[in-house]
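Worksheet: one structure, shown below.
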Amino acid sequence: MENRHFAALFVLALGAADLAAPALADEVNLYSARKEDLIKPLLDRFTEKTGITVNLITGEADVLLKRIVAEGKNTPADLLLTTDVGRLYRAKSEGVTAPIGSAALVAAVPAQYRDPADHWVGLSLRARPIMYVKGKVDPAELSTYEALVDAKWQGRICIRSSSNVYNQSMMAAMIAADGAEAAENWAKGLVANFARPPEGGDRDQIKAAAAGQCDIAIANTYYLAGMVGSEEAAQREAAAKVAVFWPNQDGRGTHVNVSGAALVKASRHPDAARALLEFLANDESQAWYAEANGEYPVRPGIGLSPVLAEWGTFKADELNLERLGELNAEALMIMDRAGWK
Ligand code: FE
């Protein structure tokens with residue numbers, strides 16, 4: 001500590017104020033695309049336990065990434081926290097991330113939810129199953145994503161636009177599982193069964209199903225969890241009309257994605273950043289974070305909230321999520337050719 005202090009004084013004495021400030025071990029700068037109240041209590045708990053301050057900057061995912069790229073080696077960011085592996089992959093592709101280097105994280109988080117090159121780690125799991133309107137669809141009629149192209153579903157499926165990264169990642173998983181040609185045929189078949197041209201977000205698809213516009217919606221489960229726990233009676237009533245079906249349970253498993261964090265290459269507090277990631281992966285944090293966000297823990301053996309527990313357990317696709325990033329461009333082209341607006 002003393003030496004570092006003297007070194008800093010020396011630098012200032014030279015007037016070299018534009019040199020990088022010496023690393024302070026007691027803070028970490030987090031650029032976060034998650035709503036503040038869904039992460040802040042956890043960060044406060046981390047500070048309480050470790051004495052490390054977390055400076056939280058919240059913003060839209062793509063804006064935060066652009067900012068890190070623009071700030072270059074002068075970025076104050078140590079960690080980028082965002083949703084969907086497609087975005088974590090983009091950060092890595094921009095060259096602004098670096099290997100995390102934590103043996104504890106490697107041991108804690110299943111390999112499929114970590115970057116093989118160690119630049120990002122998943123911190124919560126999000127599932128994108130099939131949702132159906134009770135009484136209109138017999139769950140015995142459902143089986144796989146692939147089977148949704150059957151003519152019996154014509155005009156009955158609601159799903160958002162292909163411009164959304166969730167669908168791009170789902171499409172990428174389809175390419176990984178079935179090959180590009182089958183995936184393109186699937187996309188065409190799905191589009192042919194759309195109840196309406198894509199509009200709105202995931203929650204809007206669930207609402208449309210509840211309102212009778214379609215019988216099936218594909219959406220991330222945390223949106224349904226949010227509706228179940230909503231303060232608005234209309235949202236709770238809509239949610240009550242819909243049930244979750246876990247597709248592909250006899251095969252590859254249900255499509256999942258993560259929210260996660262990448263270590264910024266220019267980080268000046270990599271030790272503090274690693275400590276925060278390790279904290280976010282511990283039992284207590286995993287349970288809290290998953291419940292607060294209506295998501296699933298990335299690690300097995302952590303208890304689920306009552307809402308999630310009611311939907312039952314499921315087999316998740318074990319594809320390494322990095323593949324979803326690698327196949328994103330191809331997924332986009334396929335969706336475009338299939339006429340998925
Ligand atoms: Fe979302």
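The shown structure was predicted, so the numbers you read here are calculated from the model rather than taken from an experiment. Start at 1 and go down the list; that is how both ligands and their atoms are numbered.
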### Query
Any luck finding a side-chain donor-acceptor pair between N293 and S259 under 3.5 Å?
no

### Task
Look at the N, O or S atoms of Y166, main chain and side chain alike, and state whether any lies under 2.8 Å from the Fe ion (ligand 1).
yes

### Message
Does either side chain, that of Q205 or that of R196, offer a donor lying less than 3.5 Å from an acceptor on the other one?
### Response
yes

### Summary
At the Fe ion (ligand 1), OH of Y222 and OH of Y223 open up to roughly (10° bins) 110°

### Query
Between D271 and R274, is the closest basic N to carboxylate O distance under 4.0 Å?
yes

### Message
What I want to check is whether the side chains of E295 and N220 have a donor and an acceptor closer together than 3.5 Å.
### Response
no

### Query
Is the distance from the Fe ion (ligand 1) to some N, O or S atom of T83 under 2.8 Å?
no

